[in-house]
Peer 1: 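Next up is a structure, given as C-alpha cells.
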2 protein chains.
Amino acid sequence: MPRAAATKTPTRIQRQKTRAILDAALDVFSQHGFRGATLDQIADAAGLSKPNLLYYFESKEAIHRTLLNRLLDTWLDPLRQLDPDGEPLREIRAYMLRKLEMSRDYPRESRLFANEMLQGAPRISDEINGQLKALVDEKAKVIRGWMQAGRLAVADPYHLIFSIWATTQHYADFEVQVRGILGAAEDGHFHDAAQFLTQLYTSGLTPPEGRTGGPS
Amino acid sequence: MPRAAATKTPTRIQRQKTRAILDAALDVFSQHGFRGATLDQIADAAGLSKPNLLYYFESKEAIHRTLLNRLLDTWLDPLRQLDPDGEPLREIRAYMLRKLEMSRDYPRESRLFANEMLQGAPRISDEINGQLKALVDEKAKVIRGWMQAGRLAVADPYHLIFSIWATTQHYADFEVQVRGILGAAEDGHFHDAAQFLTQLYTSGLTPPEGRTGGPS
DNA sequence: AGTCGCTTTGACCAATTGGTAAAAACCACG
DNA sequence: CGTGGTTTTTACCAATTGGTCAAAGCGACT
C-alpha cells in the first residue's frame with residue numbers, strides 16, 4: 001500500500017491513478033475551495049470509489065497539499081525566467097506574456113491558487129513568506145536597477161509585479177465574467193488581452209527620454 | 001415571524017440582528033465560499049444560536065443571496081459614475097481610484113464576489129449577463145468614443161476595464177500575498193498602489209500627440 | 001495452476017451539516 | 001400586571017462528510 005510514503009517503484013497503475021485523482025481534485029478544489037470540496041466529488045470525477053481514492057492518498061488534505069506543492073513550482077517559473085541581462089522592457093513584457101499564457105493554459109491552477117489566497121492562505125503561507133517573497137525581492141531589485149539606470153520608467157517594482165499578476169490571472173480567475181461580457185471566444189480573448197496589456201506596459205514603462213545604459 | 005417575506009415593520013431587534021447576521025455571513029462566505037461556509041460558523045460569528053439564525057433567514061442560501069444582491073449595487077457604482085462629459089483621462093483615473101478605495105474599504109465584499117466568480121458564478125450569472133454587461137457595454141462605448149476623438153490613446157476599452165478591475169481588486173482578494181511580500185502596513189499599501197496605478201494608466205492612456213477635442 | 005502482493009469494494013462509523021418543532025423566555029403596551 | 005406577539009432555546013432529524021476495515025478481486029510471475 002502506497003499510503004505510507006512512496007514504496008520504492010510506483011506501479012504503472014499507481015502513477016496512472018494518482019494522476020487521475022490529482023486531475024480530478026484540481027477540478028473540484030479549484031472550483032469550490034478546500035472546505036467546499038468533498039471526497040465524493042473528487043472520487044466521482046476520478047472514476048473511483050471513495051475508499052479506493054483513500055488508498056492512494058492519506059486524506060483530503062494530503063491531496064490538496066500535493067496539488068499546492070506542485071503548483072507553486074510551475075507558478076513561479078515565469079518570474080524566474082526574468083533575465084537581469086536582458087533588455088528591460090522586453091523582459092517585462094515577455095514575463096507578462098508568459099503569465100498570460102499560464103492563465104490560458106492552466107486556468108484551474110490559477111483558480112486553485114486564488115482560492116487559497118481568498119481563504120487567507122492557511123496551507124501555503126510558509127511558501128509565500130519564503131520562496132515566493134525571496135524570488136519577488138530578488139526580481140524587484142533587478143527591476144529597480146533597470147529603472148535607476150534610466151532603462152525603464154521609474155515605478156514601484158513590487159506593485160508592477162502585482163499588477164502583472166492581477167491582470168493576467170484575471171482572465172483565468174474571472175473567466176466567467178469575461179465570457180459573460182465579451183461572449184465566448186475560441187481563445188478566451190487571450191489574443192486581445194495580450195495586445196492590450198502589451199500596449200499598456202510598453203507605454204507605461206518606456207523611459208521618458210535619453211537611454212542611459214543601452215547600446216547606442 | 002419574519003421568515004415569510006418582511007412583515008410590515010421590521011422591529012428594531014429584527015434590523016439589528018439581521019445586520020449582525022449579514023455581517024458575520026460576509027466574514028464567513030468571503031473566506032470560505034458558499035459551500036465551504038457553515039451555518040454554525042455564521043451563527044457563532046453573529047453571536048446567535050443556529051436555530052435563532054434560521055429564525056431571521058429561511059436558509060443558508062437566502063443569506064448568501066441577500067449578500068450578493070446588496071453587493072452588486074454598490075459594486076457597480078464606481079463605474080456608473082464614469083462621466084461621459086468629463087475629461088477622459090481624469091475620468092478613467094478617478095474610476096480606477098474609486099475601485100481601489102472600494103477594495104480598501106470593502107475587502108470582504110471583493111472576496112465574496114471573487115469567490116462567486118471562481119465557482120463559476122452559479123448564483124449570480126443572470127446579473128452578470130444582464131445589469132453588469134449592459135453597464136460595461138455602455139461605458140465601453142463612451143471610452144471608445146473618447147479614443148476615436150483622439151482624447152485617449154487607442155486601446156480595447158473592455159480589456160481596459162478588466163485591467164482596472166483586476167489591479168484594484170487584487171489588493172483585497174490577494175491581501176495575504178501582498179502582506180506576505182511587502183509586510184503589514186497601516187493602509188495595506190493602498191497609497192503606493194494608487195500612485196503606481198495612476199502612473200501606469202496615465203502614461204498608458206495619454207494620447208500620442210495633438211489633442212483633438214479639448215479646449216486648447 | 002497457484003500464490004503473493006497490489007488493488008478494489010462493501011459495509012460501516014462518528015462527526016458535522018442544514019434544517020425543524022415546540023416549548024420557553026422575553027418584551028412592549030394597554 | 002397581564003397578555004399577545006416576538007424572540008430564543010432545547011431537543012431533535014436525516015443527510016452528508018471524512019475516514020476505517022476486512023474481505024474480496026486481480027495480475028504477474030513461478
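All chains are named by letter (A, B, ...) in the order of the sequence lines, taking the proteins before the strands, and each is independently numbered beginning at 1.
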Peer 1: Which heavy atom in B/L160 sits nearest to a heavy atom in B/S163, and how many Å separate them?
Peer 2: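 Nearest pair, atom of B/L160 first, then B/S163: O-OG, 2.8 Å.
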Peer 1: Using whole Å, report how far CZ of A/R15 lies from C1' of C/dT7.
Peer 2: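 In whole Å, C/dT7 C1' and A/R15 CZ are 16 Å from each other.
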Peer 1: Write down the distance between NZ (B/K17) and C1' (D/dT9), rounded to a whole number of angstrom.
Peer 2: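 The distance from NZ of B/K17 to C1' of D/dT9 comes to 12 Å, rounded to the nearest Å.
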Peer 1: Check every atom of C/dT20, D/dT7, D/dG19 against the side chain of A/L54 and return the nucleotide holding the closest atom.
Peer 2: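 Out of C/dT20, D/dT7, D/dG19, the nucleotide with an atom closest to A/L54's side chain is D/dG19.
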Peer 1: Using atom CG of B/L48 as one end and atom P of D/dT8 as the other, report the distance to the nearest whole Å.
Peer 2: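 Checked: the CG to P distance equals 7 Å.
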Peer 1: Which nucleotide sits closest to the side chain of B/P51: D/dT7, C/dG19, D/dT10?
Peer 2: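 Looking only at heavy atoms from C-beta outward on B/P51, the closest nucleotide is D/dT10.
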Peer 1: Residues from residues 18-42 of chain B sitting under 4.0 Å of DNA chain C, heavy atoms only?
Peer 2: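 Result for residues 18-42 of chain B: B/A37, B/T38, B/L39, B/D40, sorted by number.
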Peer 1: Does NZ or CZ of A/R123 fall inside the cone over A/F34's six-membered ring, less than 6.0 Å from its centre and within 45° of the axis?
Peer 2: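 A/R123 over A/F34 ring: yes.
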Peer 1: Measure the distance from CD on A/E61 to P on D/dT17 and round it to the nearest whole Å.
Peer 2: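 So the CD-P distance, A/E61 to D/dT17, works out to 18 Å.
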Peer 1: Atom CZ of residue position B/R80 - does it have more than 12 heavy atoms of other residues, nucleotides or ligands inside 6.0 Å?
Peer 2: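 Yes, the 6.0 Å shell around CZ holds more than 12 heavy atoms from other groups.
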Peer 1: Can you tell me if B/Q14 touches the phosphate of D/dT7, counting only side-chain N or O atoms and a distance under 4.0 Å to OP1 or OP2?
Peer 2: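 Yes, within the criterion.
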Peer 1: Do the side-chain N or O atoms of A/N52 get closer than 4.0 angstrom to the phosphate oxygens (OP1, OP2) of C/dT9?
Peer 2: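 Yes, because at least one side-chain N or O of A/N52 sits under 4.0 Å from OP1 or OP2 of C/dT9.
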Peer 1: Taking the side chain from B/N115 and the backbone from B/S30, do they hold a donor-acceptor pair closer than 3.5 Å?
Peer 2: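 Answer holds: yes.
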Peer 1: Decide, yes or no, whether a salt bridge links B/R98 with B/D77 under the criterion of side-chain N to carboxylate O below 4.0 Å.
Peer 2: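 Answer for the salt bridge query: no.
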Peer 1: Counting just side-chain N and O atoms, does A/Y55 come under 4.0 Å of either OP1 or OP2 of C/dT9?
Peer 2: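 The answer is no; no side-chain N or O of A/Y55 sits under 4.0 Å from OP1 or OP2.
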Peer 1: Look at A/S59 and D/dG18 and indicate whether a side-chain polar atom (N or O) is within less than 4.0 Å of OP1 or OP2.
Peer 2: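 So the side chain of A/S59 is outside the cut-off, no N or O lying under 4.0 Å from OP1 or OP2 of D/dG18.
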Peer 1: Grab the CG-P distance between B/L53 and C/dT17 for me, whole Å please.
Peer 2: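 Between P of C/dT17 and CG of B/L53: 14 Å.
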Peer 1: Give every donor-acceptor pair under 3.5 Å between a side-chain atom in residues 82-97 of chain A and any protein atom, sequence neighbours left out.
Peer 2:
| unit_1 | atom_1 | unit_2 | atom_2 | d |
| --- | --- | --- | --- | --- |
| A/D83 | OD1 | A/D85 | N | 2.9 |
| A/E87 | OE1 | A/R90 | N | 3.1 |
| A/E91 | OE1 | A/D83 | N | 2.8 |
| A/R93 | NH1 | A/T202 | OG1 | 3.1 |
| A/Y95 | OH | A/W165 | NE1 | 2.8 |

Peer 1: Would you mind classifying the nucleic acid contact of A/K50 as base, sugar-phosphate or nothing, using non-hydrogen atoms under 4.0 angstrom?
Peer 2: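 Base contact - A/K50 has a heavy atom under 4.0 Å of at least one base atom.
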Peer 1: Hey, does the side-chain of A/K60 have a donor or acceptor N/O within less than 3.5 Å of a partner on the base of D/dG19?
Peer 2: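 Not at all, since no donor on one side and acceptor on the other fall under 3.5 Å apart.
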Peer 1: A side-chain contact here means heavy atoms from C-beta on lying under 4.5 Å apart; do B/Q169 and B/R111 qualify?
Peer 2: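 No. Closest side-chain heavy atoms not under 4.5 Å.
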